[in-house]
Visitor: 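Sharing a structure below in structure tokens format, with a few things to ask.
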Protein chains: 2
Amino acid sequence: MISRTETPQLSLGALEDILGFHLATATVTTMDTFERHVGTPLNLRKVEYSLLLLLLANGPLAPKRLGRALALSAPNLTLLLDRLQQRDLIRRERSESDRRSHNIVLTDEGRQLAETGAQAADPMERELDSRLTRAERLMLIELLRKVAAR
Amino acid sequence: MISRTETPQLSLGALEDILGFHLATATVTTMDTFERHVGTPLNLRKVEYSLLLLLLANGPLAPKRLGRALALSAPNLTLLLDRLQQRDLIRRERSESDRRSHNIVLTDEGRQLAETGAQAADPMERELDSRLTRAERLMLIELLRKVAAR
DNA sequence: TATTGTTATACTCTATAACTATA
DNA sequence: TATAGTTATAGAGTATAACAATA
């Protein structure tokens, strides 16, 4: 059997044992499938997609909580919300209880897009079936949860 | 037992089953430990670190191969190599066999830094011991390899 | 005084097109 | 004609400091 490329495989050396390196490498794959299943067709970036799905699952949320869940700084979140608001996907409502705060609310259009996005998740994940069994996929997600900051 | 924060946990909804989301979340943890163990003390970004370790493990390599291994476009790789060269960590040597191509070679200083970086890998990974057992860590890396593009 | 969110700004990262020199 | 690498440039992504409004 001849290997696919003429050039020999690179040795990873110390990288071999570095979790972050393998996370980054695996992310190349998932970013590519995301782009094709969600990014391009729905014109959404990863964070935008995650944000819409969080609102769909939880109802209105304060920017503060969204920022923490998505690891976004306050200024960057503001800009992100600006973009989504300009597209009429969300709106900001002043909180009644604490008038410094807002509730970020999905518009009808935003909810529709979020639902479409949620439906795209399954076929997107199906693309991994050639690389991982169902059990492996579940195990992988479980292990990633343990690594994740709380 | 009272939960650490007053606010209830967010529901992930459809994100729950999306591998890319969990990869991104776990990456927050590894990026943080990388920053403290390597990024700040050695003044290296993730790609720079990976590139040096690849050279350390494989000897001189052509930019073409580095770009493929690190998922970098040619122009971005050029800029990256410029920075490393300015710091006297690498040098570019014209290839004898194909004078369009280069060999990227670690300087003595670059090799030293790469070795220091390689030694930092172990304590860095040790930080994950509170989150993952050794077996889980190995399993996780194995699963990430399967996800990774080839 | 502390907190929520915004504005302004700069810096890094990534992507694309056009170019050169070699093959 | 094709390939390796570079240059120029623009667009996303991320980080920091200063600020306004409210608690």
Visitor: Would the number of heavy atoms belonging to other residues, nucleotides or ligands and lying under 6.0 Å from CD of Gln112(A) be above 12?
Guide: no
Visitor: May I ask you to evaluate whether Arg45(A) reaches the phosphate of dG13(D), defined as a side-chain N or O under 4.0 Å from OP1 or OP2?
Guide: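 The answer is yes; a side-chain N or O of Arg45(A) sits under 4.0 Å from OP1 or OP2.
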Visitor: Any donor-acceptor pair, under 3.5 Å, between the side chain of Asp98(B) and the base of dA4(D), if you only look at N and O atoms?
Guide: no
Visitor: Where the side chain of Thr78(B) is concerned, which of dG5(D), dT6(C), dC13(C) is the nearest nucleotide?
Guide: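 When the side chain of Thr78(B) is considered, dG5(D) is the closest of dG5(D), dT6(C), dC13(C).
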Visitor: With respect to the side chain of Ala62(A), which nucleotide from dG5(C), dA15(C), dA15(D) is positioned closest?
Guide: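 Closest nucleotide among those given: dG5(C).
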Visitor: For the pair Arg92(B) (side chain) and Ile104(B) (backbone), establish whether a donor and an acceptor sit closer than 3.5 Å, ignoring hydrogens and angles.
Guide: no
Visitor: Map Lys46(B) and Ala74(A) onto DNA chain C by nearest heavy atom, then report which one ends up closer to the 5' terminus.
Guide: Ala74(A)
Visitor: How many whole angstroms separate atom CD1 of Ile104(A) from atom P of dG5(C)?
Guide: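 Rounding to the nearest Å, CD1 of Ile104(A) and P of dG5(C) are 7 Å apart.
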Visitor: Rounded to whole Å, please give me the gap between CD in Glu96(A) and C1' in dT22(D).
Guide: 14 Å
Visitor: Can you tell whether the side chains of Arg111(B) and Asp108(B) come within less than 4.0 Å, N to carboxylate O?
Guide: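 Salt bridge: no.
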Visitor: From CG of Asn76(B) over to P of dT14(C), roughly how many Å is that when rounded to an integer?
Guide: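 Between P of dT14(C) and CG of Asn76(B): 7 Å.
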Visitor: Considering every strand and a 4.0 Å limit on heavy-atom distances, what is the contact class for Ser101(B): base, sugar-phosphate, or nothing?
Guide: sugar-phosphate
Visitor: Round to a whole Å and report the spacing from CD of Glu48(A) to P of dG13(D).
Guide: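 About 7 Å, once rounded to whole Å.
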Visitor: Picking from dG5(C), dT7(D), dT6(C), which would you name as closest to the side chain of Pro75(A)?
Guide: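 The closest nucleotide is dT6(C).
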Visitor: Just the rounded figure in Å: distance from C1' of dA20(D) to CZ of Arg99(A).
Guide: 15 Å
Visitor: For the side chain of His37(A) and the backbone of Glu127(A), is there at least one donor-acceptor N/O pair under 3.5 Å apart?
Guide: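 No, the answer is negative, given that no donor and acceptor are paired below the 3.5 Å cut-off.
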Visitor: Could you tell me whether the side chain of Arg100(B) has a donor or acceptor atom within less than 3.5 Å of a complementary atom in the base of dT3(D)?
Guide: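 By the distance-only test, yes, there is a pair.
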Visitor: Step by step, would you call Asn76(B) with Ser73(B) a side chain to side chain donor-acceptor pair (under 3.5 Å)?
Guide: CA-CA 5 Å; Asn76(B) 297 333; Ser73(B) 65; 2.8 Å; yes
Visitor: Taking atom P of dG5(C) as reference, at what distance in whole Å does atom CG of Leu84(A) sit?
Guide: 16 Å
Visitor: How many whole angstroms separate atom CZ of Arg68(B) from atom C1' of dA4(D)?
Guide: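 Nearest whole value for this atom pair: 12 Å.
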Visitor: Under 4.0 angstrom, heavy atoms only, what part of the nucleic acid is Arg65(A) near: base, sugar-phosphate, or nothing?
Guide: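 Arg65(A): no heavy atom of the nucleic acid under 4.0 Å.
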Visitor: Looking at dT6(D), I'd like to know if its phosphate oxygens (OP1 or OP2) sit under 4.0 Å from a side-chain N or O belonging to Arg92(B).
Guide: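 For Arg92(B), the contact criterion (side-chain N or O under 4.0 Å from OP1 or OP2 of dT6(D)) is met.
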Visitor: Starting from P on dG13(D), measure out to CG on Leu72(A) and report it in whole angstrom.
Guide: 11 Å
Visitor: Measure from the side chain of Pro63(A), starting at C-beta and using heavy atoms only, and say which of dA15(D), dG5(C), dA15(C) lies closest.
Guide: dG5(C)
